[in-house]
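Naming convention: chains lettered A, B, ... in sequence-line order (proteins, then strands); numbering from 1 in each chain.
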2 protein chains.
Amino acid sequence: LNPALSGERFVVVYHLRGTREEATAKAEDICLEDTVELPLDLVPDGPIRSEILGRVENIRPISGDVFEARISFAVETTAHELTQLLNIAFGNISLKPGLRIERFEFPDNLLESFPGPRFGRDGWRKMLGAALRPLLCSAIKPMGMSAHECADLAGRLALGGIDIIKDDHGLTDQPFCRFEERVGRCAEAIQKANAETGMKCVYMANVTAPQDEVFHRARVAKNAGAGALLISPGLTGYDMMRLLAEDDDIDMPIMCHPAFQGSFVTHPENGISHHALFAQLARLAGADATIFPNYGGRFSFTREECAKIALETQGPMGHIKPIFPTPAGGMTLQRIADMARVYSGEVIYLIGGGLQRHETDLIEACRDFRRMAERSIMNDDARRP
Amino acid sequence: LNPALSGERFVVVYHLRGTREEATAKAEDICLEDTVELPLDLVPDGPIRSEILGRVENIRPISGDVFEARISFAVETTAHELTQLLNIAFGNISLKPGLRIERFEFPDNLLESFPGPRFGRDGWRKMLGAALRPLLCSAIKPMGMSAHECADLAGRLALGGIDIIKDDHGLTDQPFCRFEERVGRCAEAIQKANAETGMKCVYMANVTAPQDEVFHRARVAKNAGAGALLISPGLTGYDMMRLLAEDDDIDMPIMCHPAFQGSFVTHPENGISHHALFAQLARLAGADATIFPNYGGRFSFTREECAKIALETQGPMGHIKPIFPTPAGGMTLQRIADMARVYSGEVIYLIGGGLQRHETDLIEACRDFRRMAERSIMNDDARRP
């Protein structure tokens, strides 16, 4: 064994479409394609063949024409880099149809390289002074409002008792609403509302931005009094979120948004499963909460897919903290009772347009939202798991 | 009109699956989802409704159940940021099935915000001293080799007359082959070979890396004598490539690799077309050459898809330079004559394993590669377009 190789391996579970023979060939292809990138007969004997090459641990049928393959890779092939870990799991092989990542199994010596979420569920609850209930989030929208209008909306949402008021993920630094002005005014409006209500609402600024702007905006947001950050790792790369989460000076909880990531999940035979992408990778990359389209809303995720995302936000993952699922997308207050059966009380409910429909009495609509969220955990079906 | 809005718009062409009524509904949904993110009845009158909201310019049928919609967006919604441009074009809407970006149409006042490729086709040709012929590229692989072994392979490829010798895209900074040592040894081996042959082979270092390492590695590579950089924007985010390309100190041509991007193209009804992704976006984000799986190799791209990629690498795009298509993936020397009919002489041929099959006489295999590439443009079908 090469002294640089520990023998430790991580596992990626793939679902492969085809007959047993086809699935076996696909599994063997994954082993080659994402490591040595050579035909098997050209792979040298010794540690390259025995350790560097991916290894099919087992294959089993899970439905008529889908097989599940557990494939292991040497931890060192990732160089303990998030970018290269994703490359090993789904680099070249992403270009071949009929295979999908179902989940990841990471050993401790790989997880140790990734601090993960800095706050996690407990961090959010402590910051917001909310021990048990679902947390409430709403969005500053539509794009096109001035910074003044954004702040006015933020202040009213805060007066209504929303916990987290986020920039819509499309608000960046547009000429009609500059980042610095918006962030300053919104944070101020929310602090003013908090002084009135005695609550602990936080403003969450969107720092999805050019690579050389992300940290600058995060610092501007922090200095202005923002309490959390929003980022879309599909746009910035996952590793940018990891870097933000690890930064001791930034030191704010992070929520991730699925923009530009839909192609990974829209076809059931390809891509990455909802829970591996929106829960496992989000946690590994340092998100404290993960937004995804709720079932039954204006997107196409199923109730079962959403339940699996929620499960993996708290599944065993070494030292990596559990994070909050944040279902969103065309939600209304009427859906909360049903959602509580899926998410229990361990959730951030994100309702945007559904509150704005009550524009004439937005503050009262927010209070209804809060009452319904609190009431949702009073029944047996929705206790903290 | 809000004074911050110029009235200039850019167009995204989508292919929408369904009946005319369904396609029309999808087009209207795109207009909302990727801008204001509110139901239409909640969108305020005035500039938000008339300018910020996406606008369906036209819809026409292109096959039995596919319609093409040209949708325009105000240039200012992008904040002239690449991350936000991608968000407008394919942010939330990526999460809905049955729609695909076919191509982009960017007006000059948007393109002016993006310098694009620093070198382009002419830059590569000047650097490599190759005025007309196809350029030749090969890869240092398999992962698992020591830096010494990498350099030995690189040196032999250079002696054989390969123009660009790239790190395999999975070589980063693994403990069994550290970046700095590999880059130093490979660049040295290639310089030594050049001294012997009188040729101008360049070493291309892979700088796909953690966010806070990319520029450091690029500088290390440059100082060591590398002549070009490889990056996988699916892993680092497109904007990292843009930033590298714009950097006056780095000042090296960039080739991009499609790792982790397959899900955008594997299903014909979803995602982004091959040419919009691998040609238009690659150019906009500063790539000087773009790797994609060649037709008939071990991936599933069709000849027509590859031809369209090649076409868009030189299509009109304001001041943005044409770049080289770089077909790869299980290619062999025998395929070059046919490929010349698709790519003409304006191509970088990337052959990795196909050369290593001739391990006992690798240098001679490289010379064959060069002869066949040169010969490929001697016939009428494959003149420079």
Hey, are the side chains of [X] and [Y] touching, using non-hydrogen atoms and a 4.5 Å cut-off?
{"X": "Pro44(B)", "Y": "Met145(A)", "value": "no"}
{"X": "Gln84(A)", "Y": "Asp173(B)", "value": "no"}
{"X": "Pro210(A)", "Y": "Leu243(B)", "value": "no"}
{"X": "Glu37(A)", "Y": "His169(B)", "value": "yes"}
{"X": "Lys141(B)", "Y": "Leu38(A)", "value": "yes"}
{"X": "Gln211(A)", "Y": "Thr236(B)", "value": "no"}

Side chain, backbone, both or neither: which part of [X] has an atom under 4.5 Å from a heavy atom of chain B?
{"X": "Leu82(A)", "result": "neither"}
{"X": "Pro97(A)", "result": "both"}
{"X": "His80(A)", "result": "neither"}

Worksheet item: Tell me, which pairs form a salt bridge (charged side-chain N to carboxylate O under 4.0 Å, His left out) where one or both residues lie in residues 81-97 of chain B, sequence neighbours left out?
Response: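 Listed by first then second residue: Arg217(A)-Glu81(B), Asp29(B)-Lys96(B), Glu33(B)-Lys96(B).
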
Worksheet item: Can Thr83(A) and Glu213(B) be said to form a side chain to side chain contact (heavy atoms under 4.5 Å, CB included), step by step?
Response: CA-CA 11 Å; Thr83(A) 38; Glu213(B) 277 284 317; over 6 Å; no

Among [options], which has the most heavy-atom pairs under 4.5 Å with chain A?
{"options": "Thr208(B), Asp168(B), Leu53(B)", "result": "Asp168(B)"}
{"options": "Pro258(B), Gly353(B), Gly91(B)", "result": "Gly91(B)"}
{"options": "Ser94(B), Ala139(B), Gly237(B)", "result": "Ser94(B)"}

Of all the heavy-atom pairs spanning [X] and [Y], show the shortest one and how long it is.
{"X": "Asn87(B)", "Y": "Gly170(A)", "result": "ND2-CA, 3.5 Å"}
{"X": "Pro142(A)", "Y": "Val36(B)", "result": "CB-CB, 3.6 Å"}
{"X": "Met143(A)", "Y": "Ile52(B)", "result": "O-CG2, 3.5 Å"}

Worksheet item: If you count heavy-atom pairs under 4.5 Å between each of Thr172(A), Ile88(A), Thr35(A) and chain B, which one has the most?
Response: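 Ranked by heavy-atom pairs under 4.5 Å with chain B, first place is Thr172(A).
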
Discussion item. Below 4.5 Å, heavy-atom pairs only: which of His267(A), Gln261(A), Arg100(A) has the largest tally toward chain B?
Written reply: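 Most heavy-atom pairs under 4.5 Å with chain B: His267(A).
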
Discussion item. For Phe90(B) and Phe260(A), take the angle between the two ring planes, folded into 0 to 90°, and tell me which bin it lands in: parallel under 30, tilted 30 to 60, perpendicular over 60.
Written reply: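 The rings of Phe90(B) and Phe260(A) stand perpendicular, inter-plane angle above 60°.
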
Worksheet entry | Straight-line distance of Asp239(A) CG to Met240(B) CE, nearest 0.5 Å |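 Asp239(A) atom CG to Met240(B) atom CE measures 8.0 Å (nearest 0.5 Å).
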
Worksheet item: chain A heavy atoms under 4.5 Å from Pro39(B): which part of the residue, side chain, backbone, both or neither?
Response: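 It is the side chain, since no backbone atom gets that close.
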
Worksheet item: So which part of Ala209(B) gets closer than 4.5 Å to some heavy atom of chain A, the side chain, the backbone, both or neither?
Response: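 For Ala209(B), the backbone is the part near chain A, not the side chain.
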
Item to complete: Could you walk me through whether Tyr238(B) and Leu235(A) pass side chain to side chain contact (heavy atoms under 4.5 Å, CB included), step by step?
Response: CA-CA 7 Å; Tyr238(B) 269 105; Leu235(A) 297 167; over 6 Å; no

Worksheet item: Given Leu95(B) and Phe292(A), is the side chain to side chain contact (heavy atoms under 4.5 Å, CB included) satisfied, shown in steps?
Response: CA-CA 9 Å; Leu95(B) 292 150; Phe292(A) 56 90; over 6 Å; no

Item to complete: For atom CD of Glu180(A), decide whether the heavy atoms of other residues, nucleotides or ligands shown that lie under 6.0 angstrom number more than 12.
Response: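 Counting other residues, nucleotides and ligands, CD of Glu180(A) stays at 12 neighbours or fewer.
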
Worksheet item: Between the main-chain N or O of Ser263(A) and the side-chain N or O of Asn270(B), is there a donor-acceptor pair closer than 3.5 Å?
Response: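 Flag not set: sc Asn270(B) to bb Ser263(A) has no pair under 3.5 Å.
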
Worksheet item: Are any side-chain N or O atoms of Gln174(A) and backbone N or O atoms of Thr77(B), one a donor and one an acceptor, separated by less than 3.5 Å?
Response: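 Yes, because the side chain of Gln174(A) sits within donor-acceptor range (under 3.5 Å) of the backbone of Thr77(B).
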
Worksheet item: Can you name the residues that form a salt bridge (Lys or Arg N to Asp or Glu O under 4.0 Å) with Asp212(B), not counting sequence neighbours?
Response: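 Result, salt bridge (Lys or Arg N to Asp or Glu O under 4.0 Å) vs Asp212(B): Arg242(A).
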
